[in-house]
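The structure appears below as structure tokens.
All residue numbers refer to positions in the sequence shown, counting from 1.
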Amino acid sequence: MKLERVEIVHVAIPLVSPFRTSFGTMTTKDTFLLHVVTDTAEGWSEFAADPEPGYCSEFVAGAEIVLRDFLLPRVAALPVLAAAHLGPATAGVKGHELAKAALETAVLDAELRSYGMSLATYLGAVREQVPAGVSVGIQQTIAELLDAVEGYLAEGYVRIKLKIEPGWDLEPVRAVRDRFGWDLPLQVDANTAYTLADAEHLRRLDEFGLLLIEEPLDENNLYAHARLQQRITTPVCLDESLHNARDTASAIAMDACRVVNVKPARVGGYLEARRVHDVAHAHGVPVWCGGMLETGIGRAPNLALAALPGFTLPGDTSASSRYFAEDITEPFVLVDGQLPVPRTPGIGVRPLPEALRRFTRERRDLYVT
């Protein structure tokens, strides 16, 4: 397989409602798709981060520069284009996992399409469908939160995740427990909003029987998370702190996390995501697939990953309607709390031409032979 062209497609898709976390509020999914054309097939991927470096250090404009000036020249120089070769070829570029993930996924999509193989088969998926949880952003009032949770449960979601921050934690969790009972699988996500000095406050969450508390402290501070885990019974789950399988092994060894959130973009792509899964699964640590408010282009491969055997907790792989009134692919629809795993070649979806046209802000080539 030889690289012929790489196109970047900037898209902006309105969210059905604002999504607020401890680091900001989103009203639009504003990112880019990467379209890779080879001599045998075409591939698509989605850059997972945002226009501003809030969730992580990467952002849309910066990723385009890294792809154009540093990653693509190295990949274009490969004698044979294959997804497995991209990691070694781009290792000299420090960091930029999300940009690397976008490139690797688009190449992998094209490669698998040329073989007629689905990503689910390639990764080793063992399920035809996966249970879907939903992430509920910070609301203006407790009443609005309860209405939102009630609506998601009525749609069939099997697990609720509440975004929390200082001043919005104990009371919303208590309200959800009082309203919907103790049988509801419930977890919280702080997105690094607390410090170890808040340990006693966070320990008060233990009374609510949560599945986990996700990334409560500073990103990359495994020591502090290990100290926190010693002081609370709720399992700590790491997200932003885990950039690869090596980090995952270290965190597990330190007891800094007892659950792992696997986001393929955050770890550099689906090949490393599978290695993260393998490390956690070998140690008996449950994993689940996080979300980045993806369009169908990003959601489809996440579902393939979430079908691996170690993914024993429902992920944030919600239905398309959770975020978008209209997606740029055929929508993923929740049925009995489950979403189907794509089984057609590659990632299993392509952009719908008319929808892509309406949501596109700009298109341009990053590389042409």
Side-chain angles (χ1 to χ4, degrees), residues 1-13 29-113 119 243-244 263-273 292-302 328 346-347 350-351 356 359-369:
M1 195 166 70
K2 295 182 180 180
L3 190 64
E4 294 185 344
R5 184 166 67 95
V6 178
E7 178 190 28
I8 197 166
V9 184
H10 285 270
V11 296
I13 310 175
K29 181 63 177 180
D30 186 344
T31 189
F32 64 79
L33 307 180
L34 206 62
H35 179 209
V36 166
V37 180
T38 77
D39 60 338
T40 58
E42 300 181 11
W44 288 88
S45 69
E46 176 178 339
F47 179 67
D50 308 315
E52 298 180 0
Y55 167 77
C56 67
S57 61
E58 294 185 64
F59 59 101
V60 170
E64 180 175 348
I65 293 171
V66 169
L67 282 161
R68 183 193 66 211
D69 295 347
F70 302 105
L71 299 181
L72 280 169
R74 287 167 167 80
V75 171
L78 289 170
V80 177
L81 181 65
H85 298 164
L86 265 62
T90 60
V93 178
K94 300 296 184 183
H96 298 284
E97 288 88 358
L98 280 80
K100 291 177 180 178
L103 183 54
E104 180 194 90
T105 302
V107 170
L108 184 58
D109 184 30
E111 184 177 357
L112 293 177
R113 288 183 190 277
L119 179 62
H243 303 278
N244 48 53
K263 287 181 179 172
R266 192 194 65 238
V267 301
Y270 289 88
L271 303 186
E272 186 67 17
M292 299 279 281
L293 282 69
E294 291 93 347
T295 72
I297 294 295
R299 194 169 309 278
N302 281 356
I328 56 174
I347 64 173
R350 293 180 183 271
L356 183 63
F359 291 127
T360 294
R361 287 185 168 182
E362 186 177 11
R363 303 179 75 138
R364 59 177 172 273
D365 288 332
L366 292 187
Y367 172 84
V368 179
T369 53

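The two residues Leu3 and Thr369 come nearest to each other via the heavy atoms O-CG2, 3.0 Å. Minimum interatomic distance between Glu46 and Ala102 (heavy atoms only, all atoms of both residues): O-CB, 4.3 Å. Scanning both residues, Val107 and Ala83, for their nearest heavy atoms gives CG1-N, 3.9 Å. In plain terms, the two heavy atoms of Phe47 and Ala99 that are nearest each other are CE1-N, 3.8 Å. Contact detail for Leu119 and Leu112: the closest heavy-atom pair is CA-CD1, 3.6 Å.
Each salt bridge (Lys or Arg N to Asp or Glu O under 4.0 Å) pair with one or both residues in residues 91-104, not counting sequence neighbours, would appear here, but there are none. Evaluation of the salt bridge (Lys or Arg N to Asp or Glu O under 4.0 Å) test over residues 49-61, restricted to residues two or more places apart or in two chains, returns none.
In this structure Arg364 satisfies the salt bridge (charged side-chain N to carboxylate O under 4.0 Å, His left out) test together with Glu64, Glu362, sequence neighbours excluded. Take Arg299 and apply the salt bridge (charged side-chain N to carboxylate O under 4.0 Å, His left out) test, not counting sequence neighbours, and it matches no residue. A search for salt bridge (charged side-chain N to carboxylate O under 4.0 Å, His left out) contacts involving Asp69 returns nothing, not counting sequence neighbours.
Asn302 places a side-chain heavy atom less than 4.5 Å from the side chain of Pro264.
For the side-chain contact (heavy atoms from CB on, under 4.5 Å) with Trp44, the qualifying choice from Val9, Leu34, Ile328 is Val9, the only one to do so.
We find the CZ-CG distance between Arg361 and Asp30 to be 4.5 Å, quoted to the nearest 0.5 Å.
Although no hydrogens or angles enter the test, the distance criterion places no donor-acceptor pair under 3.5 Å between the side chain of Thr31 and the main chain of Ala48.
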Do any side-chain atoms of residues 70-80 form donor-acceptor pairs under 3.5 angstrom with protein atoms, and if so which ones, sequence neighbours left out?
residue	atom	partner	partner atom	Å
Arg74	NH1	Phe70	O	2.8

